[in-house]
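Some notes on the structure that comes next.
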Amino acid sequence: MAQHVADVIVVGAGNAAFCAALSAQEHGARVLMLEAAPAEESGGNSRFTAGSMRVVYNGVDDIKTLVPDLTQAEIESTDFGTYTAEQFFDDMARVTAHRADPDLVELLVRRSFPTLNWMREKGVRLIPIYGRQAFKIDGKFKFWGGLTVEAVGGGPGLIAMLTQAATKRGVPLRYATRALDLLYDGNRVQGVRARHDSGIEELRANAVVLACGGFEANAEWRTRYLGPPFDLAKVRGSRYNTGDGIRMALEIGASPCGNWSGCHAVQWEMNAPEFGDLAVGDQFQKHSYPFGILINAEGKRFVDEGADFRNYTYAKYGRVVLQQPGQFAWQVFDAKVKHLLRDEYKIRQITRVSANSIEEFADKLDGVNAAAFLATIKAWNAAVRTDIPFNPTVKDGRCTHGLAVDKSNWANTIDIPPFEGYAVTCGVTFTFGGLRITPTAQVLDSDYRPIRGLYAAGELVGGLFYFNYPGGSGLTSGAVFGRIAGAAAAGVTA
Ligand SMILES: Cc1cc2nc3c(=O)[nH]c(=O)nc-3n(C[C@H](O)[C@H](O)[C@H](O)COP(=O)(O)OP(=O)(O)OC[C@H]3O[C@@H](n4cnc5c(N)ncnc54)[C@H](O)[C@@H]3O)c2cc1C
């Protein structure tokens with residue numbers, strides 16, 4: 001017998017789901033959250049993140065609004081610059097090759113600041129990302145790449161703060177409860193069928209918000225939609241995001257939308273486990289490649305490591321590594337840039353080699369043609385434009401000249417030992433294809449009519465990201481559309 005359990009059921013317990021739940025609750029709805037994972041593994045991909053969020057700000061005063069406990073000393077020692085709405089629009093247009101849905105982008109950009117501020121009011125504390133997004137130049141921290149704030153405690157901190165905010169407001173959350181399908185009478189969605197330890201239950205509500213992630217953890221769908229060899233890629237985050245929300249909605253006639261063959265995929269520790277490990281979080285990633293070179297099994301470079309700031313290339317280079325023979329590459333650095341390597345290069349769970357001569361180093365690069373590698377290094381060192389000054393805070397134009405694959409910025413000769421190599425493969429973050437929604441986050445059917453009672457937010461929304469992605473947009477998107485979806489879902493119940 002189906003029970004009417006709430007006004008709004010929110011499926012998932014990641015960032016988008018919590019924002020939807022808090023928003024629906026704020027608009028007077030009785031909310032129930034369902035989470036497939038048990039409490040200890042809950043929080044979705046959001047919990048694996050660094051908690052960094054892309055947000056529009058027009059100067060230090062906006063940062064002070066988001067980070068009220070910013071100290072005077074921090075303000076004086078930091079150049080936060082700005083990240084204007086125009087910059088965010090430009091970044092979205094550029095990295096998605098102008099395919100991103102303009103209505104969705106408009107909401108993402110314009111609502112980014114008010115939404116992060118709203119999260120702060122709900123209890124999410126933010127801080128500047130000094131560690132990863134700022135370099136100290138002439139005694140002053142300078143932020144770069146449009147990504148400036150993160151949640152205190154990263155992804156685990158974000159999920160803990162959101163869980164606390166929901167608990168404080170009396171929003172119940174059922175863990176280890178997987179939504180299986182939607183209750184739909186052909187007119188409106190009336191709830192979900194869900195499975196938990198004691199069986200399968202029909203849970204009725206006036207509206208459902210799907211915020212249960214993409215299909216990145218589903219090897220069969222990855223192969224089907226992203227294409228081989230994405231079955232061989234590692235999954236960076238939650239093993240629970242198997243595309244259920246998308247499937248459930250498609251089964252009742254929802255319209256698929258966006259870049260179904262596309263995904264966010266990064267360079268990831270070669271020997272990482274099949275799915276993410278919460279104890280390691282995002283530290284399997286290896287994001288300092290703009291300061292080194294990438295070498296494949298044939299001993300060759302294959303991509304412009306310095307095409308842009310890492311925030312604008314990292315999400316597409318995982319796929320490029322996956323396409324190399326054996327699905328791996330080595331990131332190579334010399335002593336000159338070692339101090340620029342991010343914190344994730346210092347973890348224990350890493351495949352790293354080091355040597356004091358380049359010949360010895362070549363022999364240590366497992367799976368690589370050593371002679372071809374040495375030839376690559378020789379040609380590389382001769383091609384670096386050392387007459388152009390190196391500067392990691394700007395696109396410095398310090399390039400190579402005349403190579404089959406040139407590097408556009410931050411090129412340095414590789415000649416000062418010790419030489420270091422880090423083995424990477426592809427780690428899938430999340431998939432880009434999803435559901436078509438209206439600007440009020442209502443899911444559309446294949447005739448583009450809103451499906452009554454059905455809303456969506458987060459990774460399973462299609463139409464925002466194509467080919468690539470500006471770092472820190474995933475959490476912001478989940479927050480913006482989660483907040484919108486929750487309010488709209490509460491509205492239908494009023
Ligand atoms: C390692 C890593 C680092 C990242 N770093 C960043 C970053 O710093 N900044 C950023 O913006 N983005 C980052 N991302 C991307 C970011 O995680 C996602 O864009 C964002 O968290 C998606 O939020 P979401 O709420 O849509 O999905 P999720 O947070 O994945 O939540 C989905 C939830 O749905 C649940 N679920 C799935 N199926 C069902 C079902 N059938 N029934 C019930 N529940 C279900 C899952 O268990 C999960 O709790 C990172 C991702 C990873 C993996």
message: I want to check something: taking the side chain as every heavy atom from C-beta on, are Val405 and Phe302 in contact at a cut-off of under 4.5 Å?
response: no
task: Verify, without hydrogens or angle tests, whether Asp363 (side chain) and Glu360 (backbone) share a donor-acceptor contact under 3.5 angstrom.
output: no
task: Ignoring hydrogens and angles, state whether a donor on the side chain of Arg236 or Asn45 is under 3.5 Å from an acceptor on the partner side chain.
output: no
message: If the condition is side chain to side chain contact (heavy atoms under 4.5 Å, CB included), which residues does Thr148 pass it with, not counting sequence neighbours?
response: Tyr57, Ile63, Phe80, Phe143
- request: Would you please classify the geometry between the Tyr130 ring and the Phe141 ring as parallel, tilted or perpendicular, with 30° and 60° separating the classes?
  value: perpendicular
query: Is a donor on one side and an acceptor on the other found under 3.5 Å between the side chain of Thr115 and the backbone of Val480?
result: no
- prompt: Going by the salt bridge (charged side-chain N to carboxylate O under 4.0 Å, His left out) test, which pairs reach into residues 384-393, not counting sequence neighbours?
  reply: Arg385-Asp387
task: Scan for salt bridge (charged side-chain N to carboxylate O under 4.0 Å, His left out) pairs involving residues 94-103, sequence neighbours excluded, and state none if there are none.
output: Asp91-Arg94, Arg94-Asp308
Residue pair Gln87 / Thr84, side-chain donor-acceptor N/O under 3.5 Å: yes
query: Under the 3.5 angstrom rule, does the side chain of Ser288 hit a backbone N or O of Arg342 as a donor-acceptor pair?
result: yes
- prompt: Between Val60 and Thr78, is any pair of side-chain heavy atoms under 4.5 Å apart?
  reply: no
message: For Asp277 versus Phe48, what's the shortest heavy-atom pair and its separation?
response: N-CE2, 3.5 Å
message: Minimum heavy-atom separation for Val67 and Pro128, please, with both atom names.
response: CG1-CD, 4.1 Å
query: Given side chains that start at C-beta, do those of Phe465 and Met92 come closer than 4.5 Å, heavy atoms only?
result: yes
field: Under 3.5 Å donor-acceptor, Lys407 side chain and Pro290 backbone
entry: yes
statement: Heavy-atom nearest pair, Val11 first then Ala17, reads O-CB, 4.4 Å
field: Qualifying residue, where the test is ring pair (Phe, Tyr, Trp, His ring centres under 6.0 Å) with Phe333 and the options are Phe419, Tyr345, Phe361, Trp410
entry: Tyr345
message: If we count only N and O atoms by modelled type, under 3.5 Å, do the side chains of Thr313 and Tyr289 hold a donor and an acceptor together?
response: yes
- prompt: Does CZ in Arg125 sit with more than 12 non-hydrogen atoms of other residues, nucleotides or ligands closer than 6.0 Å?
  reply: no
query: In terms of side-chain heavy atoms, does Asn58 have a donor or acceptor partner in Thr82 at a distance below 3.5 Å?
result: no
- prompt: Has the side chain of Arg54 got a donor or acceptor atom that lies under 3.5 Å from a matching backbone atom of Gly471?
  reply: yes
message: With a 4.5 Å cut-off on side-chain heavy atoms, are Arg398 and Asn412 touching?
response: yes
message: Please check: side-chain N/O of Asn15 versus main-chain N/O of Leu475, any donor-acceptor pairing under 3.5 Å?
response: yes
query: Nearest heavy-atom pair of Leu210 and Leu460: which atoms, and what distance?
result: O-CD1, 3.5 Å
query: Within the side chain of Glu344, is there an N or O that forms a donor-acceptor pair under 3.5 Å with the backbone of His287?
result: yes
field: Donor-acceptor contact below 3.5 Å, side chain Asn296 vs main chain Ala329
entry: no
message: Is there a side chain to side chain contact (heavy atoms under 4.5 Å, CB included) between Leu464 and Ser477? Walk through the geometry before answering.
response: CA-CA 9 Å; Leu464 263 174; Ser477 158; 3.4 Å; yes
task: Determine the interplanar angle of the Phe88 and Tyr83 rings, folded into 0 to 90°, and report it as parallel if under 30°, tilted if 30 to 60°, perpendicular if over 60°.
output: tilted
- request: Tell me yes or no: between the side chains of Thr413 and Lys336, is some donor less than 3.5 Å from an acceptor?
  value: yes
statement: Tested for ring pair (Phe, Tyr, Trp, His ring centres under 6.0 Å) against His264, the lone hit among Phe467, Tyr317, Tyr314 is Tyr314
message: Applying side chain to side chain donor-acceptor pair (under 3.5 Å) as the test, list every pair that has at least one member in residues 350-359; sequence neighbours left out.
response: Glu269-Thr351, Asn271-Thr351, Arg352-Glu420, Arg352-Tyr422
query: Any sub-3.5 Å donor-acceptor pair from Asn468's side-chain atoms to Tyr312's backbone N or O?
result: yes
- line: Quick note, salt bridge (charged side-chain N to carboxylate O under 4.0 Å, His left out) partners involving residues 139-152, not counting sequence neighbours, are Asp79-Lys142
message: Quick check: closest heavy atoms across Val124 and Met161, and the distance to 0.1 Å?
response: CA-SD, 3.9 Å
Stepwise side chain to side chain contact (heavy atoms under 4.5 Å, CB included) check, Leu66 with Phe113: CA-CA 8 Å; Leu66 296 173; Phe113 182 78; 3.6 Å; yes
field: Within-4.5 Å side-chain heavy-atom neighbours: Val321 and Trp268
entry: no
message: Check whether Glu274 reaches the backbone of Lys234 with its side chain - one donor and one acceptor, N or O, closer than 3.5 Å.
response: no
- request: For Thr476 and Gly472, work out which heavy atoms get closest and say how close.
  value: OG1-O, 3.2 Å
Pairs meeting criterion salt bridge (charged side-chain N to carboxylate O under 4.0 Å, His left out) with involvement of residues 280-291, two or more places apart: Arg132-Asp282
